[in-house]
Number of protein chains: 2
Amino acid sequence: MTPSVPNRETTDYLESRIRAVGLRPTRQRLALAGLLFQAGHRHVTAEKLHGEAMKRGIRVSLATIYNTLHQFTAAGLLREVVVDTDRSYFDTNMERHHHFFHEDTGLLEDIPSSELELKNLPPLPEGSEISSIDVVIRLSGTRKLPL
Amino acid sequence: MTPSVPNRETTDYLESRIRAVGLRPTRQRLALAGLLFQAGHRHVTAEKLHGEAMKRGIRVSLATIYNTLHQFTAAGLLREVVVDTDRSYFDTNMERHHHFFHEDTGLLEDIPSSELELKNLPPLPEGSEISSIDVVIRLSGTRKLPL
DNA sequence: TCAATATATTAGAATAATTCTAAAAAGGCT
DNA sequence: AGCCTTTTTAGAATTATTCTAATATATTGA
Ligand SMILES: [Mn+2]
Ligand SMILES: [Mn+2]
Ligand SMILES: [Zn+2]
Ligand SMILES: [Zn+2]
C-alpha cells in the first residue's frame, strides 16, 4: 500500500510543505505550521497565534510570528483577509471562498464559494486585472433573550 | 418658486445637515463637510482629508479630523470601508454599493449595486443578523506597455 | 564530521495610524 | 453679557506592525 494522500499529522508532511516553498524547516516554522495546518482550516491573528504557541510551550518571538505569517502568505500557504482595520487575519483556506465576520467576537467564518455566487461582474476599469474578489458579510449578534 | 431640491453648494445646506444629526455646525465641521459633501461622492482617508484642508487654508487638527469622521459616521453621514489594514477609508456614498480597490494606488471606486448582484445568500449563523455586505474587487494594475 | 556560508530568530528600538487627556476655545440660550 | 455645554487641540499615549543588527541555526560539501 502506497499512501497517495499525505498524512497531515506527521512532522514530515509539514517539513516537506515548508521545503517545497523554499524555506528552511526550522523549529519555529514547524511548530507554527503545526498549529496552522494540522487542525482544519483556521483564521488567526498574529497575537492569537503567538498566544497559542506560548500556551503549548513553544518559544517564538512575535517578530518571528509576523515573519512566518508573511513568508507563508508570500509562499501561497496562507492568505491575508482584510476585515478589521487594526488587526490582520491570516487564513489557511486557500480555496476561493468568502466570509462571515462576527463583529462582536472577531470570529471569521468561511462561506464556500458554492453558497454565494456573484451574478454579473461589472466591467473592469481599463488596464487593470482582478487580484481577488472578497465578500464579507458582517454580522452583529442578536441577543437571543432580551436583557 | 419653492426649491424642493436642496442646493448643496450653500453653507446653509451643510449647516442644516450637521444640525440635523445633533452636532454643532462649527467652523471645522462646516469646512470638512464642504470638502466631503460638495463634490460628488468621495472616499477619503484621515490624512488625505487633512491634507486637503491644509491646502485650502483651513486650520484643523488631525484629532479633529478623526473626531469628525467618526461623528459623521456614527450620524449616518459617512460609512467606513475596510479595504486596507493600515488606513481607514471613509465613504460619502451611503447607498448600497460595492468597490473596486486599486491596490497599487489606494484608489477606491464605486460599483453600483445594480452592476453586481449576489446570487444566493447562504443561511446566516444562528442568532446573528446582517450588519452589511461588503464586496471588494481588488485590482492590480497591468502595465499597458511592456517595460 | 566540520568548517564555511546562507538563512532565521530575536530583543528591543522605531514607525505609523489612531486614540486619549485635559486645558483652552467656541457655540447656544436666556 | 453670562452661563453651561460641546468642541477643538497639542501633545502624550497606545497598539499593531516593522525594522535593526546581533546571535543562533540550518545547509552544504570537503
Ligand atoms: Mn490601525
Ligand atoms: Mn496597523
Ligand atoms: Zn476563510
Ligand atoms: Zn463607495
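Values below: all heavy atoms of this structure, side chains included; hydrogens, waters and symmetry mates excluded. All values derive from a computational prediction rather than experimental measurement. Letters A, B, ... mirror the listed sequences (proteins, then strands); counts begin at 1.
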Between the base of D:dT27 and the side chain of A:Arg24, is there any donor-acceptor pair under 3.5 Å?
-> no
Presence of donor-acceptor pair under 3.5 Å, side chain of B:Arg87 and base of C:dA16 |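 Per atom types, no contact qualifies.
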Measure the spacing between OG1 of B:Thr68 and CZ of B:Phe90 and express it to the nearest 0.5 Å.
->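 Spacing of OG1 (B:Thr68) from CZ (B:Phe90) equals 10.5 Å.
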Of A:Asp91, A:Leu107, A:Ile137, which is the lone residue that meets side-chain contact (heavy atoms from CB on, under 4.5 Å) with A:His99?
->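 Among the candidates, only A:Asp91 passes.
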Name the nucleic acid region contacted by [X], choosing base, sugar-phosphate or nothing; use a 4.0 angstrom heavy-atom cut-off, strictly under.
| X | value |
| --- | --- |
| B:Ser88 | sugar-phosphate |
| A:Thr64 | base |
| B:His70 | sugar-phosphate |

Which nucleotide in the set D:dT9, C:dG28, C:dA17 lies at the smallest distance from any side-chain heavy atom of B:Pro25?
->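 Among D:dT9, C:dG28, C:dA17, the one nearest the side chain of B:Pro25 is C:dG28.
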Testing C:dT10, D:dA26, D:dT9 for proximity to the side chain of B:Ala63, the answer is D:dT9
Hey, does the side chain of B:Arg29 come within less than 4.0 Å of C:dG27's phosphate (OP1/OP2), counting only N and O?
-> no
Heavy-atom pair of closest approach, residues B:Lys48 and B:His43 |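 Heavy-atom minimum between the residues: NZ-O, 3.6 Å.
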Minimum heavy-atom separation for A:Glu80 to B:Thr85, with atom names?
->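 Closest heavy-atom pair between A:Glu80 and B:Thr85: OE2-OG1, 3.6 Å.
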